[in-house]
Structures are given as structure tokens and as C-alpha cells.
Amino acid sequence: MGKDVIIACDFPSAEKTLAFLDQFEGKKPFVKIGMELFYAEGPSIVRQIKARGHRIFLDLKLHDIPTTVKKAMSVLSGLDVDICNLHAAGTAEMMRAALEGLTRADGTRPLLIAVTQLTSTSQEAMEQELLIRDPMENVVMSYALNAKNAGLDGVVCSPLEAERVHSVCGKYFLTVTPGVRFADGDKGDQKRVMTPAQAREIGSDYIVVGRPITAAADPVAAYARCCAEFID
Ligand code: C5P
């Protein structure tokens, strides 16, 4: 899979999601399904979107004991998603178990990427609540390296971290980056943002874009603009 724009379909129901995707007619954007939609609609929403020919990043951020994660990943793999994810904080043992669970009888599997530290976690909270004293950037790079050594395919990270992740983990280790905004757009609750063109410059492999597309007056045009800046 090459560079692509993934639309974060943060909708509360299948009805709203499918109506949104209907607007794209012949195009089949890569879609991210998160916890809200998955917990509301269950696996059937994944099957419905897959049946329409979209690729799917199922963003459920698993984090549990290795056996539980392995079994859960085996179920997700059966849904034929293209990318799924977990928390690197679950340890290398958990990440290896997840890969085992994902791998199908024929040896194929979805891509598996890790969340390092959530971009919503501040340095202060990490130090005072999680008792992790290192600078955030070192923590993120260390978790990314753990993920790579466990055999994972990449990480979800801030666009600002993508360049360093590639230098630490190699250029083939995927960086999937949310926090993308158009230069003339509203930042909303995202603090540290980059434009699709900047994300391309610093080498992000996939950008995850929600509201700049889903809340646009013309979502199809906004998606096309993202693709033009990021891929073309
Ligand atoms: O609407 P917006 O473009 O901000 O959506 C970004 C998407 O990426 C949301 O689904 C959000 O949950 C997700 N995400 C994020 N930051 C992270 C991890 C995931 O914004 N660190």
C-alpha cells in the first residue's frame, strides 16, 4: 500500500456513515472506523463498508493481556480489515501475541500499527500520573522501536514525530498521522497540526483526516484537495 488519505468516519451510526460515503460515488476512499461507530454498530459496519470496496483502518487501540489481545485480533483479522492497531504500552509480548492472532491460515494478515503515547497526553501527566520521567519525544521513539522489534508495521503518531520515527525505525516503518488541517482551515481541538502538503514533505505514509473532510460543505472536494496536496 502506498501513500494515502484515510478519512476518519467519526459518525454515530451506520446510516450517517453510509450516507456520507454515498457522496463519493465511484471513488473508494480509505476509511477509518473508530470506537464510537464500531461499538454502536458492531462488525456489520465493517462488513458493509468492505462490501462497498473501501479499505478499512479499524482504530480500536487494543490493550489487554497477550492471550486476550491475540484472540481479539484473530476476530478482527476475520473481518478482513486492512489496518488495525493496539497500544505499544501493552508490551512487546502483547504485540507479538497480537501479530500471531492476526495472521490467517494462509499467512496473510492486516497491517498492525501501534499507538505510542496518545497526543492528548501531556509531558506533565506522563510524569505525574504514569511516572514516566523521560522527555515525550524519547518515550515515543522508544515505544516505536519496541513496536518495530516486535514485528509491527508502523505507528500512529503526530505528524511532527513522523520524520524522527522514520530515522529511528527506518523508512519502511509506516507513520500514520492524524492532526491534519488545511492552511486556511479551522484547527478545532487539535493543537499541533500540519497541512497535507507539510505531512507529505516530512514523509508521513498515511494521513488520517476527519473533520476537514466530514464537516466540509463539499466533502468530495475537500477529499480531492487532500489527495492533491498529499499524494499527487
Ligand atoms: O477530525 P480530525 O481530523 O481531528 O480527526 C482525527 C482522527 O484521528 C479522529 O478519529 C481522532 O480520534 C484520531 N486520532 C487523533 N489523534 C491521535 C490518535 C487518533 O486525532 N493521536
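When a residue number appears, it is its place in the shown sequence, counting from 1. These values consider heavy atoms only, across backbone and side chains, with no hydrogens, waters or symmetry-generated copies. For ligands, and for the atoms within them, numbers begin at 1 and follow the listed sequence.
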* **Ligand-residue contact atoms, ligand 1 with Arg181, heavy atoms, under 4.0 Å** => 1 (O), 2 (P), 3 (O), 4 (O)
* Asked: Less than 3.5 Å between some nitrogen or oxygen of Gly210 and one of ligand 1, yes or no?
  -> yes
* Nearest-0.5 Å distance that lies between atom CD1 in Ile33 and atom CD1 in Ile7 -> 12.5 Å
* Is it true that Asp10 lies under 4.0 Å from ligand 1, counting heavy atoms only? -> yes
* Asked: In this structure, are over 12 heavy atoms from other groups packed under 6.0 Å from Gln23 atom CD?
  -> yes
* Asked: With a cut-off of 4.0 Å, which atoms of ligand 1 are near a heavy atom of Pro178?
  -> 8 (O), 14 (N), 15 (C), 16 (N), 17 (C), 18 (C), 19 (C), 20 (O)
* Residue, atom name and distance, where the atom is the protein heavy atom closest to atom 6 (C) of ligand 1 -> Gln190 NE2, 3.8 Å
* Under 4.0 Å to a heavy atom of Thr119 - the qualifying atoms of ligand 1, by number -> 16 (N), 17 (C), 21 (N)
* **For Ser77 against Gly101, the heavy-atom pair lying closest together** => CB-O, 4.4 Å
* To do: Provide the closest heavy-atom pair for Asp64 versus Val69 in the form atom of the first, atom of the second, distance.
  => N-CG2, 3.5 Å
* Of all the non-hydrogen atoms in the protein, which one sits nearest to atom 11 (C) of ligand 1, and at what distance? -> Lys32 NZ, 4.4 Å
* Side chain, backbone, both or neither: the part of Pro212 lying under 4.0 Å from ligand 1 by heavy atom -> side chain
* Going by the atom numbers of ligand 1, which of them fall below 4.0 Å from some non-hydrogen atom of Arg211? -> 1 (O), 2 (P), 3 (O), 4 (O)
* Structure fact -> Correct closest heavy-atom pair for Ser204 and Phe230 would be O-CZ, 3.3 Å
* Is a salt bridge present between Glu100 and Arg96, judged by a nitrogen-to-oxygen distance below 4.0 Å? -> no
* Asked: What atoms of ligand 1 come closer than 4.0 angstrom to any heavy atom of Ala8?
  -> 7 (C), 10 (O)
* Salt-bridge criterion met for Asp218 and Arg225 (N-O under 4.0 Å) -> no
